[in-house]
A.B. asks: 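Take a look at this one; I'll ask things after.
Predicted model only: the values in this text are computed from it and were never measured. Nothing fancy with the numbering, it's 1 onward along the sequence.
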Amino acid sequence: MKFVPKHYSIISDIIYFIKHFQRYEPVVLFLCGVEIILGAATPLAGIYLSKAAIDLVVQGASVQKAVMVLVPFTLLIMAVYTLKTAVSSGKYNYYNSQRDHFMGLLFLKSLKVPYKYTESGEMKKVYWKAYDAISMGDWSALSRMVTGTTNITINILRFLLYSTVIGTLDAWLLLVLDVLAIASYLLDLCQIRYEESLRDEIAEATKKYYCVLDSMGNTKGAKDIRIFGMGHWLAGLRDMVIEKQRGINQKLYKKRSRFEKAGFLLGMVRDMGAYTFLLYKAFEGAIDAGGFVLYFGAITGFSGFITSIMNSLSELRSAANAADYLRAYMEIPGEDDSSGKRHIDGLELPLKIEFKNVSFAYQDAGVDIEDNSSKEKKQVFKNLNLEIKAGEKIALVGVNGAGKTTLVKLLCGMYDPDAGEILINGINRNEFPRKEIYRLFSAVFQEQFVMPCTLGENIAMDKRDNIDAERVWEALSKAGLKEFFNSKDITLKTYMGKDIMKDGINLSGGQQQRLLLARALYKDAPVLVLDEPTAALDPVAESEVYNNYNKYSKGKTALFISHRLASTKFSDRIIMLENGKIIEEGSHNELMGLNGKYAEMFHVQSNYYEKGEEG
């Protein structure tokens with residue numbers, strides 16, 4: 001199922017952004033209004049200034065009178081133009097600051113949408129397109145909506161004012177010019193629609209071009225490119241995508257050239273016809289020299305405003321297409337994390353958790369997150385039944401794609417079952433508010449998430465003033481990092497990474513994994529979930545973590561995912577999954593006695609380690 005964002009009209013998008021500025025930065029609307037008034041009036045004042053100057057010359061006015069009339073008029077126009085420029089610059093600063101504000105709103109929205117959207121391939125595209133709509137500087141949808149709306153309003157007002165001037169000369173002339181203006185509009189509209197029809201093709205070609213370009217400039221791949229002789233292959237790919245882009249551009253430029261030539265001919269016919277009519281009126285004596293200058297300026301400006309209106313409309317249409325993705329993402333219903341008639345404070349610890357006839361399938365075009373090569377809807381669990389006793393330590397094992405991580409996401413409340421129920425102490429989980437469910441779990445997931453903030457903030461996941469320093473160091477000690485940090489004079493105020501602070505520290509993969517383990521231990525929730533916590537550790541460090549496993553989970557219910565089966569003997573019970581089904585369960589010794597899939601996998605790994613030690 002492909003996600004298609006709702007298409008909003010340009011007017012709807014303009015109203016959307018007006019409401020945003022009205023709420024967060026109303027001064028932008030005020031400055032836009034002032035700029036529109038000044039922008040519409042300035043050119044009209046200019047042509048009347050020219051008329052006044054010609055009239056004074058024709059009338060043989062004295063220099064003193066000319067100065068008295070023209071200088072104040074000129075100074076007024078200059079003041080208005082200067083004020084308009086100042087207003088435009090001020091407006092630019094204010095609405096630019098709103099891009100950062102919108103980025104914050106988008107990020108906060110991403111934390112409130114149902115978790116399934118964060119892993120959905122289609123919704124990820126929508127998120128990044130929404131991000132692009134506000135992150136591309138002056139080309140962002142927000143910026144172009146402001147400038148496009150302001151400019152088109154100014155030029156429509158200019159068009160109407162100049163039409164009034166031309167109408168005083170001849171109503172038929174105004175009608176002909178309006179008809180030709182509409183023809184010019186339709187011609188430009190055809191060009192815009194043609195270019196929009198190529199947008200996906202252009203985007204695809206551009207994506208491939210930058211993908212190849214990134215591969216060629218990626219220092220991480222430098223060794224592979226040299227060792228495997230990929231230089232000529234990448235160069236061939238580059239030439240292929242460049243040729244594809246060139247073909248699209250040639251097709252676009254040829255069509256654009258035809259539209260531009262047609263538009264030029266139409267404009268030439270319109271302007272030459274209007275100027276000929278103006279000269280005819282002048283020779284007839286219907287207008288004097290000053291009037292000729294006034295109407296000549298009005299006709300010239302009339303043509304320019306039509307072009308400006310079309311340019312602004314094109315800008316708005318492009319911005320509106322980008323804004324569709326922003327609005328689509330911002331209008332996703334947020335996760336309901338507050339509803340529930342029960343509260344976790346009344347639960348008896350340690351917790352008992354039961355999966356009862358649970359069925360689940362990923363809905364995003366059938367892509368299983370653990371096996372994203374699938375293009376059809378894939379059932380992960382069907383009528384799964386699993387009971388985790390109060391205080392029990394469960395090891396969950398199986399090959400990749402067996403459903404282990406999916407089970408953890410269901411357990412922690414990231415996903416809801418399609419059928420069946422998950423019980424906590426015999427109570428349906430849905431009876432508790434979702435935000436309280438999250439409080440029940442301390443988890444270390446496969447993905448390493450270390451924020452560019454201080455060590456203390458990374459462990460406590462809270463503001464500095466709320467951090468319990470003693471508990472942080474205790475958690476770091478349990479995770480095996482305290483001694484290392486002390487030896488390097490690393491404090492709780494030391495920044496992780498160098499993104500924000502140059503003197504920040506970078507941790508190895510194994511150290512980062514220990515850091516995340518310390519974060520889970522600091523939270524000290526009733527249920528401990530460890531999803532491959534030792535994947536980046538060497539065997540010695542891994543053994544140290546497992547030796548402390550019982551200490552970490554004392555008095556807690558614990559679920560532990562592992563590929564290395566040597567660790568499972570620390571668990572009370574081992575659950576082996578295959579294709580979303582429990583095929584074996586029991587203690588390490590019991591499963592070895594069965595001589596089934598678990599025993600087979602254990603022997604394979606044991607042989608591997610024995611051979612590795614011999615080597």
A.B. asks: CG/L313 to OG/S308 distance, rounded to the nearest 0.5 angstrom?
C.D. replies: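 Going from the CG atom of L313 to the OG atom of S308 covers 12.0 Å.
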
A.B. asks: Does T164 reach the main-chain N or O of L160 with its side chain, forming a donor-acceptor pair under 3.5 Å?
C.D. replies: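 Between the backbone of L160 and the side chain of T164 there is a qualifying donor-acceptor contact (under 3.5 Å).
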
A.B. asks: For C32, does its backbone N or O pair with a side-chain atom of K91 as donor and acceptor, under 3.5 Å?
C.D. replies: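 No: the side chain of K91 does not pair with the backbone of C32.
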
A.B. asks: Is there a side-chain contact between K19 and I15 in this structure, where contact means two heavy atoms from C-beta onward sitting under 4.5 Å apart?
C.D. replies: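 Side chain of K19 against side chain of I15, heavy atoms only: contact under 4.5 Å found.
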
A.B. asks: Has M268 got more than 12 heavy atoms of other residues, nucleotides or ligands less than 6.0 Å from its CE?
C.D. replies: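 Atom CE in M268 is packed in, count exceeds 12.
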
A.B. asks: Checking ring-ring contact (aromatic ring centres under 6.0 Å, His included) against H20, which of Y24, Y16, F17 comes through?
C.D. replies: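 Testing H20 for a ring-ring contact (aromatic ring centres under 6.0 Å, His included) against Y24, Y16, F17 leaves exactly one candidate, Y24.
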
A.B. asks: Quick one: does T276's side chain have a donor or acceptor within less than 3.5 Å of a partner on M272's backbone?
C.D. replies: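 Yes; judged by distance alone, with no hydrogens or angles, the pair exists.
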
A.B. asks: If you measure from OG1 on T42 to CD1 on I37, what distance do you get to the nearest 0.5 Å?
C.D. replies: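 T42 atom OG1 to I37 atom CD1 measures 11.5 Å (nearest 0.5 Å).
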
A.B. asks: Do L507 and M496 touch side chain to side chain, with heavy atoms closer than 4.5 Å?
C.D. replies: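 Yes. Closest side-chain heavy atoms under 4.5 Å.
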
A.B. asks: In this structure, are over 12 heavy atoms from other groups packed under 6.0 Å from M68 atom CE?
C.D. replies: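 No, because the 6.0 Å sphere around CE of M68 holds 12 heavy atoms or fewer from other groups.
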
A.B. asks: For M451, look at atom CE and say whether over 12 heavy atoms of other residues, nucleotides or ligands are found less than 6.0 Å away.
C.D. replies: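 Yes, CE of M451 has more than 12 neighbouring heavy atoms, counting only those of other groups under 6.0 Å.
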
A.B. asks: Looking only at heavy atoms, which two atoms of Y495 and P452 are closest? And how far apart?
C.D. replies: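 In this case the closest contact between Y495 and P452 is CD2-O, 3.7 Å.
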
A.B. asks: Decide if atom CZ of F292 counts as having more than 12 heavy atoms of other residues, nucleotides or ligands within a radius under 6.0 Å.
C.D. replies: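 Result for CZ/F292: enclosed.
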
A.B. asks: Can you tell if the side chain of L294 reaches within under 4.5 Å of the side chain of V165, non-hydrogen atoms only?
C.D. replies: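 L294 reaches V165 side chain to side chain.
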
A.B. asks: Is there a side-chain contact between L106 and Y329 (heavy atoms, below 4.5 Å)?
C.D. replies: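 They are in contact (side-chain heavy atoms under 4.5 Å apart), so the answer is yes.
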
A.B. asks: Output the distance between atom CD (E25) and atom CG (L31), rounded to the nearest 0.5 Å.
C.D. replies: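 E25 atom CD to L31 atom CG measures 9.0 Å (nearest 0.5 Å).
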
A.B. asks: Is the shortest side-chain heavy-atom distance between I18 and L29 below 4.5 Å?
C.D. replies: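 Yes; the side chains approach each other to less than 4.5 Å.
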
A.B. asks: So R256 and E260, side chain to side chain contact (heavy atoms under 4.5 Å, CB included) or not? Walk me through it.
C.D. replies: CA-CA 6 Å; R256 183 180 292 170; E260 288 175 351; 3.5 Å; yes

A.B. asks: Looking only at heavy atoms, which two atoms of I77 and A45 are closest? And how far apart?
C.D. replies: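 Minimum heavy-atom contact is CD1-O, 3.7 Å.
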
A.B. asks: Might you point out which heavy atoms bring I154 and I36 nearest each other, and give the distance in Å?
C.D. replies: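 Looks like CG1-CA, 3.5 Å.
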
A.B. asks: Between N155 and N151, is there a donor-acceptor pair closer than 3.5 Å when you use the side chain of the first and the backbone of the second?
C.D. replies: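 The answer is yes, because a donor-acceptor pair under 3.5 Å joins these two groups.
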
A.B. asks: Here's one to test your reading of the geometry: is the NZ or CZ of K255 within 45 degrees of the ring axis of Y194 and under 6.0 Å from its centre?
C.D. replies: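 Geometry flag: set, cation within 6.0 Å and 45°.
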
A.B. asks: Can you establish whether the number of heavy atoms outside K109 located under 6.0 Å from its atom NZ is more than 12?
C.D. replies: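 More than 12 within 6.0 Å, yes.
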
A.B. asks: Just wondering, do N458 and C453 contact through their side chains at under 4.5 Å, heavy atoms?
C.D. replies: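 With C-beta onward as the side chain, the pair touches.
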
A.B. asks: If you take all heavy atoms of K281 and L169, which pair is closest and at what distance?
C.D. replies: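 Taking every non-hydrogen atom into account, CG-CD1, 4.3 Å.
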
A.B. asks: Check the surroundings of atom OH in Y94: do more than 12 heavy atoms from other residues, nucleotides or ligands lie under 6.0 Å from it?
C.D. replies: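 It does not: Y94 OH has 12 such atoms or fewer within range.
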
A.B. asks: Is the shortest side-chain heavy-atom distance between V126 and M123 below 4.5 Å?
C.D. replies: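 A side-chain contact exists here, since the closest heavy-atom pair is under 4.5 Å.
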
A.B. asks: Do other residues, nucleotides or ligands put more than 12 heavy atoms under 6.0 Å from K112 NZ?
C.D. replies: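 It does not: K112 NZ has 12 such atoms or fewer within range.
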
A.B. asks: Indicate the atoms forming the closest heavy-atom contact of I10 with A320, along with that distance.
C.D. replies: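 Taking I10 first and A320 second, the nearest heavy atoms are CG1-CB, 4.1 Å.
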
A.B. asks: Measuring from atom CG of N249 to atom NZ of K244, what distance do you get when rounded to the nearest 0.5 angstrom?
C.D. replies: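 The NZ atom of K244 is 11.5 Å from CG of N249, to the nearest 0.5 Å.
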
A.B. asks: By salt bridge (charged side-chain N to carboxylate O under 4.0 Å, His left out), which residues pair with E457, not counting sequence neighbours?
C.D. replies: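 Here the qualifying residues are R464.
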
A.B. asks: Using the ring-ring contact (aromatic ring centres under 6.0 Å, His included) criterion, which residues pair with Y117? Sequence neighbours excluded.
C.D. replies: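 If we apply the ring-ring contact (aromatic ring centres under 6.0 Å, His included) test to Y117, skipping adjacent residues, there are no hits.
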
A.B. asks: Any Lys/Arg nitrogen of D336 or R434 sitting under 4.0 Å from an Asp/Glu carboxylate oxygen of the other?
C.D. replies: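 A salt bridge is absent here (no side-chain N lies under 4.0 Å from a carboxylate O).
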
A.B. asks: So, S110 side chain and F107 main chain: donor-acceptor pair closer than 3.5 Å or not?
C.D. replies: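 It does hold such a pair.
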
A.B. asks: Given 3.5 Å as the limit, does a donor-acceptor pair link the side chain of T82 with the main chain of M78, or not?
C.D. replies: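 Yes: the side chain of T82 pairs with the backbone of M78.
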
A.B. asks: Between T153 (side chain only) and T149 (backbone N and O only), is there a donor and an acceptor less than 3.5 Å apart?
C.D. replies: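 Such a contact is found between T153 side chain and T149 backbone.
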
A.B. asks: Apply side chain to side chain contact (heavy atoms under 4.5 Å, CB included) to L326 and F102, showing your working.
C.D. replies: CA-CA 10 Å; L326 176 62; F102 241 121; 4.0 Å; yes

A.B. asks: For the residue pair E284 and Y280, confirm or rule out a side-chain donor-acceptor distance under 3.5 Å.
C.D. replies: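 Judged by distance alone, the side chains do pair up.
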
A.B. asks: Just by modelled atom types, is the T147 backbone N or O under 3.5 Å from a matching donor or acceptor in the T150 side chain?
C.D. replies: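 Not confirmed, T150 side chain does not pair with T147 backbone.
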
A.B. asks: Show the nearest heavy-atom pair for residues I332 and P114, with the distance to one decimal.
C.D. replies: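 Here I332 and P114 meet closest at CG2-CD, 4.4 Å.
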
A.B. asks: How long is the gap from NE2 on H7 to CG on D13, to the nearest 0.5 Å?
C.D. replies: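 H7 NE2 to D13 CG: 8.0 Å, rounded to 0.5 Å.
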
A.B. asks: Can you tell me how far apart CD1 (I152) and CD (E315) are? Round to the nearest 0.5 Å.
C.D. replies: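 Between atom CD1 of I152 and atom CD of E315 there are 9.5 Å.
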
A.B. asks: Are any non-hydrogen side-chain atoms of F21 and V146 less than 4.5 angstrom apart?
C.D. replies: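 In short, these two side chains touch, coming nearer than 4.5 Å.
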
A.B. asks: Please table the atom pairs, donor to acceptor, closer than 3.5 Å between any side-chain atom in residues 127-145 and protein atoms at least two apart or in another chain.
C.D. replies:
from, atom 1, to, atom 2, distance (Å)
K129, NZ, Y325, OH, 3.4
S135, OG, Y131, O, 2.9
D138, OD1, Y92, OH, 2.9
D138, OD2, Y92, OH, 3.3
S140, OG, G137, O, 2.8
S140, OG, S143, N, 3.3
S140, OG, S143, OG, 3.1
S143, OG, R99, NH1, 2.6
S143, OG, G137, O, 3.2
R144, NE, W139, O, 2.9
R144, NH1, S318, OG, 2.8
R144, NH2, W139, O, 3.4

